[in-house]
Amino acid sequence: MASPSVLGPVGERVPDVERIAVLRANALGDFIFILPALAALRATYPGAEIVLLGAPWHAVLWRDRPGPVDRVLVVPPAPGIRAAGPGEPPAELADFLAAARAERFDLALQLHGGGANSNPLVAGLGARVTAGLRAEDAPPLDRWIRYVYYQHEVIRYLEAVALVGAAATTIIPALAVTGTDRAEAREVLGEPTRPRVALHPGATDTRRRWPPERFGEVARALVGDGYEVLVTGTPAERETVDAVVAAAGVPLRPQVGTLSLGGLAACYADCALVVSNDTGPLHLAGAVGTPTVGVYWIGNLINGATPLRARHRPIAAWTTHCPVCGVDCTPGIYPHRPGDGDCPHRDSFVADVPVIEVVEAARELLGG
């Protein structure tokens with residue numbers, strides 16, 4: 001190891017680096033967490049091309065967007081890497097690896113999890129040096145750090161890129177909003193006539209969803225305070241958005257699938273506040289500089305909530321037992337503790353967060 005940094009030891013820089021591959025092919029929130037690690041790589045290797053090995057949506061997001069990603073190579077669907085999107089044509093991982101080896105990467109970084117599936121992919125790129133995370137069941141890379149489940153995601157990936165000499169320059173994820181993004185948002189939403197707040201009541205994992213009627217109560221309070229309230233969601237979340245609008249009983253502006261990801265970023269950037277479950281749009285809002293109130297299960301708060309409080313209020317639900325069967329869902333990663341740590345139910349683990357806590361946090365941030 002070479003010199004220390006604010007986050008601990010930093011490894012030796014790799015000489016003569018012209019091209020860096022970074023594997024991170026999962027969802028929006030997961031990607032937002034690696035932005036500080038990408039910024040560290042850019043600062044350490046300013047002349048190198050940084051190529052993200054990602055999903056199709058990454059290629060769309062990074063088209064003509066300033067930032068630390070120069071280019072995206074779409075990784076084909078593969079177990080433990082990513083699932084196929086709707087209508088996505090089949091592709092062979094072996095063909096992808098053959099084409100990727102022709103890129104002659106100098107560095108290949110695994111920022112995709114524990115590495116059981118992703119470390120063999122990164123090793124197969126043929127880079128001069130591989131580095132990243134390694135769980136107990138994963139093969140090693142040239143330089144690796146142990147994957148430990150409970151660690152803040154931003155710090156996890158900053159420690160991983162430090163293995164190749166990339167010291168942290170920030171712990172705050174930041175994503176640029178382009179003129180194209182802003183034009184789309186204006187076309188869809190129009191110019192605001194009063195300050196806007198956005199609510200995002202969906203989440204892929206239903207255990208992370210605060211009940212729609214609670215979001216409806218928050219919306220009603222904020223409309224009463226004089227705000228225009230948007231309710232954002234994907235097409236799969238339409239039912240949830242409709243439930244929030246019905247529960248609010250006041251005029252809201254549902255936005256279900258009306259904006260691209262870039263347009264959503266611009267929408268949030270122009271909002272005074274975003275209130276959301278712990279899901280990708282919450283982290284997107286923070287990355288474009290918007291204050292947030294986030295509803296988190298306590299385990300996810302440890303791994304994903306921003307440590308900053310001047311502009312953000314993560315609110316924790318302390319439920320650890322399944323609300324249906326009562327199984328303690330924490331021992332799954334603690335083999336020496338009693339209980340199996342899992343159950344088949346997917347009822348909300350955050351329903352015990354009271355509305356008043358969210359409303360008070362929102363009003364404090366809006367007033368501040």
Side-chain angles (χ1 to χ4, degrees), residues 1-26 30-54 58 62 65-73 75 97 100-115 118-136 138-149 151-176 287 303 307:
M1 285 289 179
S3 60
S5 74
V6 293
L7 293 182
V10 176
E12 296 290 342
R13 289 183 73 239
V14 178
D16 303 320
V17 171
E18 297 181 358
R19 189 166 292 114
I20 302 171
V22 178
L23 175 64
R24 186 69 166 171
N26 35 21
D30 300 311
F31 178 74
I32 296 293
F33 291 140
I34 74 162
L35 286 170
L38 292 173
L41 286 170
R42 169 61 71 223
T44 304
Y45 299 98
E49 182 186 33
I50 297 177
V51 180
L52 177 69
L53 310 186
H58 291 107
W62 286 101
R65 185 175 305 276
V69 174
D70 295 307
R71 185 160 52 96
V72 175
L73 286 181
V75 182
L97 287 173
R101 282 192 291 270
E103 298 263 356
R104 301 182 66 86
F105 290 109
D106 300 291
L107 283 179
L109 290 155
Q110 191 279 97
L111 305 184
H112 193 78
S118 49
N119 282 6
L121 188 156
V122 167
L125 296 171
R128 287 197 287 124
V129 176
T130 61
L133 301 159
R134 183 193 182 193
E136 291 183 2
L141 300 168
D142 296 328
R143 304 181 188 182
W144 58 271
I145 188 171
R146 179 64 70 196
Y147 177 91
V148 179
Y149 181 78
Q151 179 183 16
H152 196 282
E153 295 287 315
V154 168
I155 305 302
R156 185 195 309 282
Y157 301 112
L158 283 170
E159 285 197 314
V161 298
L163 294 167
V164 294
T169 59
T170 182
I171 62 167
I172 303 171
L175 185 74
N303 277 30

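It should be emphasised that the depicted structure is a prediction, and the values quoted were computed from it without experimental measurement.
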task: State whether the side chain of Arg42 and the backbone N or O of Ala37 hold a donor-acceptor pair below 3.5 Å, judged by distance alone.
output: no

statement: Rounded to the nearest 0.5 Å, the CG atom of Asn303 sits from the CD atom of Gln151 at a distance of 8.0 Å

task: Measure from the side-chain N and O atoms of Tyr45 to the backbone N and O of Val14, and report whether any donor-acceptor pair falls under 3.5 Å.
output: yes

message: Quick check for you: to the nearest 0.5 Å, what is the distance between Phe105 atom CZ and Leu53 atom CG?
response: 5.5 Å

message: My understanding is that only residues two or more places apart in sequence, or in another chain, count here; which of them pass side-chain contact (heavy atoms from CB on, under 4.5 Å) with Pro66?
response: Ala176, Thr178

- request: Only counting residues at least two apart or in another chain, list the ones meeting side chain to side chain donor-acceptor pair (under 3.5 Å) with Arg146.
  value: none

field: Residues that Phe33 engages under ring-ring contact (aromatic ring centres under 6.0 Å, His included), provided they are two or more places apart
entry: His283

task: Please round to the nearest 0.5 Å and tell me the distance separating atom NE2 of His112 and atom CG of Leu133.
output: 11.0 Å

message: Just verifying a value: how many Å separate Glu153 CD and Phe31 CZ, rounded to the nearest 0.5 Å?
response: 14.0 Å

message: As a quick check of understanding, evaluate side-chain contact (heavy atoms from CB on, under 4.5 Å) for Leu125 and Leu97, giving each step before the final call.
response: CA-CA 6 Å; Leu125 296 171; Leu97 287 173; 3.9 Å; yes

query: Under the side chain to side chain donor-acceptor pair (under 3.5 Å) test, which residues partner Asp30, sequence neighbours left out?
result: none

field: Counterpart residues, side-chain contact (heavy atoms from CB on, under 4.5 Å), relative to Ala39 (two or more places apart)
entry: Thr169

message: Please enumerate all residues that pass side-chain contact (heavy atoms from CB on, under 4.5 Å) together with Pro140, with sequence neighbours excluded.
response: Arg134, Trp144

task: For Asp106, enumerate each residue passing the side chain to side chain donor-acceptor pair (under 3.5 Å) test, keeping only those at least two apart in sequence or located in another chain.
output: Arg128

message: Going by the rule side-chain contact (heavy atoms from CB on, under 4.5 Å), which residues pair with Ile172 if we only count those two or more places apart in sequence or in a different chain?
response: Thr170, Leu308

Throw together a table of side-chain donor-acceptor distances under 3.5 angstrom for residues 16-23, partners on residues two or more places apart or in other chains.
residue	atom	partner	partner atom	Å
Arg19	NE	Glu49	OE1	2.8
Arg19	NH1	Glu103	O	2.7

statement: Rounded to the nearest 0.5 Å, the CG atom of Leu141 sits from the CG atom of Leu163 at a distance of 9.5 Å

task: Grab the two heavy atoms, one from Ala48 and one from Asp70, that are nearest each other, plus how far apart they are.
output: O-OD2, 3.7 Å

task: Compare every heavy atom of Leu158 with every heavy atom of Ala168, then report the nearest pair and how far apart it is.
output: CB-CD2, 3.9 Å

task: Would you give the length of the straight line joining atom CG of Asp142 to atom OG1 of Thr130, rounded to the nearest 0.5 angstrom?
output: 3.5 Å

message: Suppose we screen for salt bridge (charged side-chain N to carboxylate O under 4.0 Å, His left out). Which residues come up paired with Arg143, at least two apart in sequence or across chains?
response: none

message: Looking at every non-hydrogen atom in both residues, tell me the closest pair between Ala138 and Gly115 and how far apart they are.
response: CB-C, 3.4 Å

field: Residues forming a ring-ring contact (aromatic ring centres under 6.0 Å, His included) with His152, sequence neighbours excluded
entry: none

query: Does Leu111 offer a backbone N or O that forms a donor-acceptor pair with the side chain of Arg24 under 3.5 Å?
result: yes

